[in-house]
K.L.:
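I'd like to ask you about the structure that follows.
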Amino acid sequence: MSEYLGKLHETAVRFPDTDIWMDTCGEMELDYGLERGIVGATSNPIIIGAVIKDELPKLEGKIKELIQDMPEATEEDITWALIDYVGADRSKKLLPVYEQFKGKKGRLSIQTNAKYYRNTELMVAQAMHLNSLGKNMQIKIPASAAGIKAMEEVTYRGASVNATVSFTVAQAVAVAEAVERGLNRRKAEGLPVDDMSPVCTLMIGRVDDWVKQSVAQSGKAAELPEALEWCGVAVMKEAYRIYKEKGFTTRLLSAAYRNLNHWSELVGGDLCMTIPYKWHVMINACERPVEDRINVPVKAEYMDALMKLPEFVKSFDANAQTPEEFVSYGGFQDTLATFIGGYEQLLGLIRNYMIYPEKH
């Protein structure tokens, strides 16, 4: 019998620089992951909404309590109070890891309101509030132009950020540079930075999704269809190369899993992987060997085919976008709309409890 509890546990043990996270803050999922070596977890409006629905028998009492205790609150006020409660509660599960690694691991990422993506001040204010919920919080801010500015300021104020709604190498570089500016401002004032652990998410599965969608919209068949499964991996490897070359403090975080390559091709890197529970189960049960592949390049024939696709080039080329152009990237638009839609669904759930208390 194997000494490992699946392939992700083997990854965590054999390659301790490759951090495995759980892409949810559900209680059962966190327990499953912690048993197998995860050192972080993420949340967003869709994830929080799913957790609340899955754990409604446990959380329903808290919803009713908040509504009763906040008689003049709007549905948004109640929703964010509930998000605060769930985030603070679930971050406690990761505290032993946080203490073990002195702040470098063991954090729960919690997201600012996706609707604020154009407003730096609103993002900064909410980020610092979310950071106060627990000592191991990590604040997710979208990688828009306004979000990049917010990341610098939030870093300066002492919060560890997790850039989100990010897909391109240009975004990843802009994020890392903003974080460095924030850290340097802290250092210049003698403020501590040793326990901070900023990360930049690249939603590599959504890169695949967007490039495939752009090819379909072009009306032209892909010359090498199998190459389209490697878009996100190629972007992640290029961003990783640049991060190491420039010595950025920020670490990369892969997200939005669509295939086994999104795990296996990144093993061995000094990076993080936030993986949904269903993919934890599938990867743990797969037969693919756990090997150091972070520096193995994507096949030249695949890269040749991908570099003919304008939306892939926009994703891959570090100089292809300015921060002001980040919001026009198709994957950014689709993901932001999805996040806001998930948030609206959560508002709807809370609204029903407020308007129809007799039904609950």
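These numbers come from the heavy atoms of this one structure, side chains and all, not from hydrogens, waters or symmetry mates.
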K.L.:
Quick one: do Trp263 and Tyr32 end up in the same hydrophobic cluster if we chain Ile, Leu, Val, Met, Phe, Trp and Tyr together by side-chain heavy atoms under 4.5 Å apart?
P.N.:
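Linked within one cluster.
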K.L.:
For Ala81, check side-chain contact (heavy atoms from CB on, under 4.5 Å) against everything at least two apart and list the hits.
P.N.:
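Scan of Ala81 (side-chain contact (heavy atoms from CB on, under 4.5 Å), adjacent residues dropped) gives Leu66, Met70.
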K.L.:
Contact between Lys149 and Met123 at the side-chain level, heavy atoms closer than 4.5 Å - yes or no?
P.N.:
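No, side chains not in contact.
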K.L.:
Please enumerate all residues that pass side-chain contact (heavy atoms from CB on, under 4.5 Å) together with Glu29, with sequence neighbours excluded.
P.N.:
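Expected list: Met22, Thr24, Tyr277.
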K.L.:
Can you tell me how far apart CZ (Arg107) and CG (Leu94) are? Round to the nearest 0.5 Å.
P.N.:
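Those atoms lie 11.0 Å apart.
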K.L.:
Aromatic rings Tyr257 and Trp279: how do their planes relate, parallel, tilted or perpendicular, breaks at 30° and 60°?
P.N.:
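Aromatic pair Tyr257/Trp279 classed tilted.
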K.L.:
Can Val267 be reached from Met282 by stepping across I, L, V, M, F, W or Y side chains whose heavy atoms are under 4.5 Å apart?
P.N.:
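Yes, one cluster joins them.
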K.L.:
side-chain hydrogen bond (donor to acceptor under 3.5 Å, both in side chains) with Ser109: which of Thr274, Thr201, Asn162?
P.N.:
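The side-chain hydrogen bond (donor to acceptor under 3.5 Å, both in side chains) with Ser109 is passed solely by Asn162 among Thr274, Thr201, Asn162.
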K.L.:
Does the cation-pi check pass for Arg351 over Tyr353, that is, NZ or CZ under 6.0 Å from the six-membered ring centre and within 45° of its axis?
P.N.:
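Not flagged: Arg351 not positioned over aromatic ring of Tyr353.
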K.L.:
Do we get Arg186 above Tyr156's six-membered ring, with its NZ or CZ under 6.0 Å from the centre and within 45° of the axis?
P.N.:
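Arg186 over Tyr156 ring: no.
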K.L.:
Grouping I, L, V, M, F, W and Y whenever their side-chain heavy atoms are under 4.5 Å apart, do Leu347 and Phe339 come out in a common cluster?
P.N.:
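The answer is yes; both residues are in one hydrophobic cluster.
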K.L.:
Answer yes or no: is there a donor N or O on one side and an acceptor on the other, between the side chain of Glu189 and the main chain of Asn184, under 3.5 Å?
P.N.:
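Looks like no, no N/O pair under 3.5 Å.
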K.L.:
Could you tell me whether Lys359 sits above the aromatic face of Tyr356, with NZ or CZ closer than 6.0 angstrom to the six-membered ring centre and within 45 degrees of the axis?
P.N.:
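Lys359 over Tyr356 ring: yes.
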